[in-house]
2 protein chains.
Amino acid sequence: MVHEVVINDAFDRDAAITPQIYRILRERIIKNDLPPGSKLSEPELARHYEISRQPVRETFIKLSEEGLVIVRPQRKTQVTKIDFPTVLQSRFVREAVEADIVSELAGSADRALIKDLRSQLKNQLKVAKTSRPDFINEDTKFHRTLAEAAGKEIAWKFLEGLNSQMDRVRFLSLGQFPAEQLVEEHGKIVDQIERQDATQASAAMRKHLRRLINDLPKIVRENKEFFDRFDPELIDA
Amino acid sequence: MVHEVVINDAFDRDAAITPQIYRILRERIIKNDLPPGSKLSEPELARHYEISRQPVRETFIKLSEEGLVIVRPQRKTQVTKIDFPTVLQSRFVREAVEADIVSELAGSADRALIKDLRSQLKNQLKVAKTSRPDFINEDTKFHRTLAEAAGKEIAWKFLEGLNSQMDRVRFLSLGQFPAEQLVEEHGKIVDQIERQDATQASAAMRKHLRRLINDLPKIVRENKEFFDRFDPELIDA
DNA sequence: TCTCGTAAACTTCCATACAAGTCAACAAGA
DNA sequence: TCTTGTTGACTTGTATGGAAGTTTACGAGA
């Protein structure tokens with residue numbers, strides 16, 4: 001079940017080309033406009049966007065390091081399937097790091113932060129009922145706010161790299177699961193931070209991020225052709 | 001205080017060029033053969049290794065994503081200084097993830113694993129007295145073994161990306177701090193895994209990885225010109 | 001002496017040609 | 001029919017020339 005999404009493929013001929021073509025291709029892959037297995041050809045994409053092979057090639061390099069494409073020299077370049085173990089372990093890393101982040105936050109008790117978060121919660125509830133892509137943006141913002149409040153901007157950038165794989169899953173599951181529940185969990189995390197209970201705060205975050213594990217089998221079953229190395233055995237941690 | 005290190009710059013003209021030049025330059029940067037601030041020039045390096053500019057350029061792209069160099073279009077490409085906040089937050093991420101890894105391991109209690117680890121401990125003690133670079137390799141192997149035993153190979157690969165910054169610090173601190181103490185801490189981690197005490201195991205790992213925080217100010221003070229954005233205030237978490 | 005404009009010497013970025021490897025179609029022969 | 005070798009159309013990797021931007025040196029003029 002692939003949903004219609006908007007791809008921003010605006011192109012400015014006067015700006016640097018490589019970052020633009022990278023952004024476009026990355027977005028097309030994550031939003032499943034270029035589904036797993038799609039063959040990408042340097043000369044073909046170069047013709048399509050009316051540029052030379054070089055920027056396309058450099059984009060392939062970046063995407064391959066992100067695990068979004070695989071370059072087989074002299075053979076071809078393909079969009080990777082979503083690697084199941086990678087998604088699970090990305091989630092594992094996120095849980096470990098974000099649990100420690102909220103644990104730190106619970107020790108500081110910043111009034112302004114709490115206020116900001118509560119304001120975000122309201123907004124989340126509003127968009128939860130209307131637009132799923134908008135909710136994804138709000139959700140990302142919430143987690144980023146926590147990281148930055150703990151002075152972990154750089155660590156968050158690391159996590160974003162992992163998220164490219166998890167985001168592909170999120171766009172597959174558009175409209176699948178009730179966003180209201182996620183907002184409720186966010187609320188509990190904020191509550192525990194406010195109470196300055198580090199243990200409970202990190203526990204709430206862990207529970208929240210483990211939700212993906214529950215949803216994953218359903219998403220995989222409904223999109224088998226998009227996944228690779230699916231193994232139910234791996235789910236139990 | 002920069003130490004002499006061996007750079008493996010063997011070059012096979014028949015194999016793909018880009019991966020080789022990437023490996024060589026990365027190693028030279030991490031081992032401070034190319035210290036922070038060094039100017040890198042596409043044509044100059046191409047001439048030096050008798051290849052074309054193209055593989056050099058692609059290597060620049062990869063290194064810049066790793067944060068080891070910064071490419072300023074139309075200006076120049078330089079080896080970055082070691083970014084102090086990045087080092088701290090890389091360590092923070094490692095602690096969070098590795099603490100959870102040993103926590104999982106303590107729940108499984110794999111006899112073969114314990115045996116392997118104890119064997120590694122002996123070896124660590126041996127090389128600790130002779131070669132510091134060898135010890136670094138053994139240390140890395142120990143942590144990787146833990147990650148793989150927990151089925152977290154992919155998460156480990158991710159951590160390795162972070163390590164490129166921390167490794168630069170490690171090569172600066174060659175011979176600074178007694179490796180025997182690190183081995184002892186490794187031993188305590190293994191002990192707690194064997195006892196199947198998840199809480200104590202992760203605590204031991206956290207304590208072990210926090211050692212870097214203690215050593216860091218001294219390393220920075222002795223290598224001020226290699227660091228950027230040093231701020232003692234950031235050290236207290 | 002100081003300011004400012006110019007030109008030359010760099011830098012990376014992009015385009016293009018060719019090299020080398022892979023694969024698929026197809027025909028010849030058993 | 002099956003096997004096998006050849007050929008050609010692909011693929012990505014590498015080399016190289018030129019475009020566009022930046023910095024630096026330097027001299028003219030005040």
Side-chain angles (χ1 to χ4, degrees), chain A residues 9-29 34-81 228, chain B residues 9-29 34-81 228:
Chain A
D9 65 346
F11 211 99
D12 178 2
R13 296 288 316 183
D14 289 339
I17 296 176
T18 305
Q20 298 187 79
I21 193 69
Y22 166 74
R23 178 183 53 72
I24 292 173
L25 288 185
R26 184 177 186 278
E27 193 174 343
R28 290 183 65 186
I29 293 172
L34 289 170
S38 300
K39 181 180 143 189
L40 302 181
S41 160
E42 284 182 12
E44 191 179 317
L45 285 168
R47 273 196 305 274
H48 181 267
Y49 289 102
E50 295 182 314
I51 55 179
S52 77
R53 272 180 52 210
Q54 188 68 8
V56 178
R57 173 173 178 71
E58 296 183 2
T59 295
F60 280 10
I61 294 175
K62 290 188 185 177
L63 292 174
S64 70
E65 293 184 358
E66 230 173 316
L68 293 178
V69 308
I70 180 170
V71 177
R72 301 182 203 272
Q74 276 74 47
R75 286 179 186 82
K76 58 186 167 182
T77 299
Q78 278 181 306
V79 176
T80 56
K81 293 190 176 185
D228 200 12
Chain B
D9 64 346
F11 212 100
D12 179 0
R13 295 288 316 182
D14 292 339
I17 295 175
T18 305
Q20 298 187 80
I21 192 70
Y22 165 74
R23 178 183 53 73
I24 291 173
L25 288 185
R26 183 177 187 279
E27 194 173 343
R28 291 184 63 186
I29 293 172
L34 289 170
S38 301
K39 181 178 139 191
L40 301 182
S41 160
E42 280 183 14
E44 190 179 318
L45 285 167
R47 274 196 305 274
H48 182 266
Y49 289 103
E50 296 181 311
I51 56 180
S52 76
R53 282 165 29 217
Q54 185 69 5
V56 178
R57 171 171 176 72
E58 297 186 0
T59 296
F60 280 9
I61 295 174
K62 289 188 186 177
L63 292 174
S64 70
E65 293 186 355
E66 231 173 317
L68 293 178
V69 309
I70 180 169
V71 177
R72 300 183 206 270
Q74 274 72 47
R75 286 178 187 81
K76 58 186 167 183
T77 300
Q78 277 181 306
V79 176
T80 57
K81 292 191 177 185
D228 201 12

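By convention in this document, chain letters (A, B, ...) are assigned in the order of the sequence lines, proteins followed by strands, and residues within each chain are numbered from 1.
Phosphate proximity of C:dC13 to B:R57: present, with a side-chain N or O under 4.0 Å from OP1 or OP2. A:S41 has a side-chain polar atom (N or O) that falls below the 4.0 Å cut-off from OP1 or OP2 of D:dT11. Remark: A:T77 is not in phosphate contact with D:dT11, judged by side-chain N or O atoms under 4.0 Å from OP1 or OP2. The phosphate of D:dT14 (OP1 or OP2) has no side-chain N or O of B:S52 nearer than 4.0 angstrom. The phosphate of D:dA15 has neither OP1 nor OP2 within less than 4.0 Å of any side-chain N or O from B:R53. Applying the 4.0 Å criterion to OP1 and OP2 of D:dT11, one finds that A:K39 has a side-chain N or O inside that range.
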**Request:** Test A:E27 against A:R23 for side-chain contact (heavy atoms from CB on, under 4.5 Å), laying out the working first.
**Result:** CA-CA 6 Å; A:E27 193 174 343; A:R23 178 183 53 72; 4.1 Å; yes

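Atom CD of B:Q54 is separated from atom P of C:dA19 by 16 Å (rounded to the nearest Å). Distance, A:D14 CG to D:dA20 P: 11 Å, rounded to whole Å. Rounded to whole angstrom, the span from the CD atom of A:E50 across to the P atom of C:dA15 amounts to 11 Å. Atom NZ of A:K76 is separated from atom C1' of D:dC10 by 12 Å (rounded to the nearest Å). Between the P atom of D:dA15 and the OH atom of B:Y49 lies a distance of 15 Å, rounded to the nearest Å. Between A:F60 atom CZ and D:dT12 atom P there is a gap of 6 Å when expressed in whole angstrom units. Atom CG of B:L45 and atom C1' of D:dA15 are 16 Å apart (whole Å). Note: CZ (A:R47) to C1' (C:dA15) measures 15 Å, nearest angstrom.
Between B:R75 and A:P55, the residue anchored closer to the 5' end of DNA chain C is B:R75, taking for each the nucleotide with the nearest heavy atom.
For a distance-only test at 3.5 Å, the side chain of A:Q74 qualifies as a donor-acceptor partner of the base of D:dT12.
Between the A:Q78 side chain and the A:I70 main chain, no donor and acceptor come within less than 3.5 Å of each other. One N or O on the side chain of B:T80 and one on the backbone of B:L68 form a donor-acceptor pair closer than 3.5 Å. Remark: side-chain polar atoms of B:Q20 are paired, donor with acceptor, to backbone N or O of B:D12 under 3.5 angstrom.
Checked against C:dT11, C:dC14, D:dG13, the side chain of A:I17 finds its nearest nucleotide in C:dC14.
At the heavy-atom level, A:I21 lies nowhere under 4.0 Å from the strands shown. Residue contacts shown for A:I61 are absent, as no nucleic acid heavy atom lies under 4.0 Å away. Among the heavy atoms of the strands lying under 4.0 Å from B:A16 are primed sugar atoms or P, OP1, OP2 only; no base atom is included.
Comment: A:E66 engages A:R26 in a salt bridge, judged by a side-chain N to carboxylate O separation of less than 4.0 angstrom.
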